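Notes follow once the structure below has been shown.
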Amino acid sequence: MGNSTVASDGVRDGSAGGEAETEDFVFEGGGQRLAATRTVRADGSRPGVLALHGLGTTATRHRIRYLLDAVAAHGHGWLTFDFGGNGESTGALTTSTLRGRRAETLAAAAHLDPATAPVLIGTSMGAHLAAASVPRLRPRGLVLFCPAAYPADAEGLPFDGSLARPGNYPDSPAYAGLRDFDGDLLVVTAGQDQVVGPEVVDGYLESARNARSAEVVRLDDCDHFVHRWLPGQPERRDEVVQAMLRLLSAEAPTLQRS
């Protein structure tokens, strides 16, 4: 994993007028070497979308590629990575923490386009991290799948069974981040979610009162593992892709640098 490799995946990049390529690379974050993949454009510009996977032994950066490749076909470059202890990254899952994964998220964001506010995509635990990172990353958009929320005192607890179950915690850093969010929000929920209850989603939406826009896509027949179910449902998958494209195509503010 020490050297970056580039391979064309045949994804059509509408903005570049050619086929987008993806590059596997490794970066340092939170004390770990993190395996990542990003789109590469001929002009050398960096991607503006960061995707964060969820919690679990089988969670990896590849699970959401079916959606990332679909939006890349419309010119939206992305970056996704394996958190420490997952996939091809170093570290152990049982010693990982939300605090450590927040640090890894910020390290990944340093590889995004520095001139444009990013869009953060998060699934389950990744949604918690995306929302909690709002004050630091100032995203213009959030796309949250089956968003989990954890209490503030869980930040340093290892993933060895000590971590609190997702719930509607008023002091959740995810809710606090959303109260500071003024961009566009898309939440994709699962009607058969056995991990995140509807009260958690209500907490997200209640906290996002200052969002410029908010859209909810409900997948009634889906369980919590949305990225296992959705690829086999072409109509619902296309509905989600179109919702993502509406958010991604919204006017992106230019970041002001002092």
Side-chain angles (χ1 to χ4, degrees), residues 29-30 34 36-38 47-56 59-68 71 76 78-84 86-87 96-109 111-112 117-150 154-155 159 163 166 169 172-181 183-190 193 195-196 200-201 203-205 207-208 211 214-217 219 222 224-228 230 240-241 243-244 247-248:
L34 304 172
T37 306
R38 62 187 169 193
V49 176
L50 174 62
L52 309 173
H53 67 70
L55 176 64
T60 76
R61 69 190 191 276
H62 302 296
R63 185 73 73 177
I64 199 173
R65 280 289 302 270
Y66 72 104
L67 293 176
L68 297 180
V71 299
H76 302 288
W78 49 262
L79 185 157
T80 187
F81 70 99
D82 294 334
F83 282 110
N86 280 99
S96 298
T97 65
L98 290 169
R99 181 178 295 118
R101 292 198 164 189
R102 183 104 67 96
E104 293 170 10
T105 298
L106 297 178
H111 295 271
L112 298 176
V119 170
L120 306 181
I121 300 174
T123 300
S124 190
M125 179 207 67
H128 172 97
L129 293 167
S133 299
V134 164
R136 289 288 302 274
L137 298 182
R138 312 305 308 180
R140 67 181 180 89
L142 291 172
V143 180
L144 308 178
F145 291 88
C146 300
Y150 301 93
E155 290 284 283
F159 301 162
L163 184 65
Y169 300 103
S172 175
Y175 294 169
L178 278 173
R179 287 191 286 271
D180 198 32
F181 178 62
D184 299 305
L185 174 66
L186 170 63
V187 181
V188 180
T189 69
D193 197 325
V195 176
V196 175
V200 179
V201 176
Y204 268 84
L205 296 174
S207 299
E215 180 177 1
V216 178
V217 175
L219 306 174
C222 181
H224 185 71
F225 301 101
V226 58
H227 299 308
R228 297 179 187 174
L230 193 55
V240 171
V241 169
M244 292 174 67
L247 184 147
L248 289 165

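Quick caveat, the model's predicted, so the values are computed rather than measured.
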Report task. Compare all side-chain heavy atoms of R102 with those of R136 and state whether any distance is below 4.5 angstrom. Result -> no

Query raised in the report: Can you tell if the side chain of V119 reaches within under 4.5 Å of the side chain of L142, non-hydrogen atoms only?
Result: no

Query raised in the report: Going by heavy atoms in the side chains, are L205 and L185 under 4.5 Å from each other?
Result: yes

Requested in this report: Classify the side-chain pair H227/T123 by whether it contains a donor and acceptor separated by less than 3.5 Å.
Outcome: yes

**Report entry** Note, E155 side chain near P173 side chain (heavy atom, < 4.5 Å)
**Finding:** yes

**Report entry** Partner residues of Y150 under the ring-ring contact (aromatic ring centres under 6.0 Å, His included) criterion, sequence neighbours left out
**Finding:** H128

Query raised in the report: Quick one: do the S124 and H224 side chains pair a donor with an acceptor below 3.5 Å?
Result: yes

**Report entry** Pairing residues for F159 by the ring-ring contact (aromatic ring centres under 6.0 Å, His included) criterion, not counting sequence neighbours
**Finding:** none

**Report entry** Check: V134 and P139 side chains under 4.5 Å, non-hydrogen atoms
**Finding:** yes

Query raised in the report: So do L120 and V143 actually touch side chain to side chain, heavy atoms under 4.5 Å?
Result: no

Report task. Flag the pair R138 / F181 as yes when at least one side-chain heavy-atom distance between them is below 4.5 Å, and no otherwise. Result -> no

Requested in this report: Could you grab the distance from atom CG of L52 to atom CZ of R101, nearest 0.5 Å is fine?
Outcome: 10.5 Å

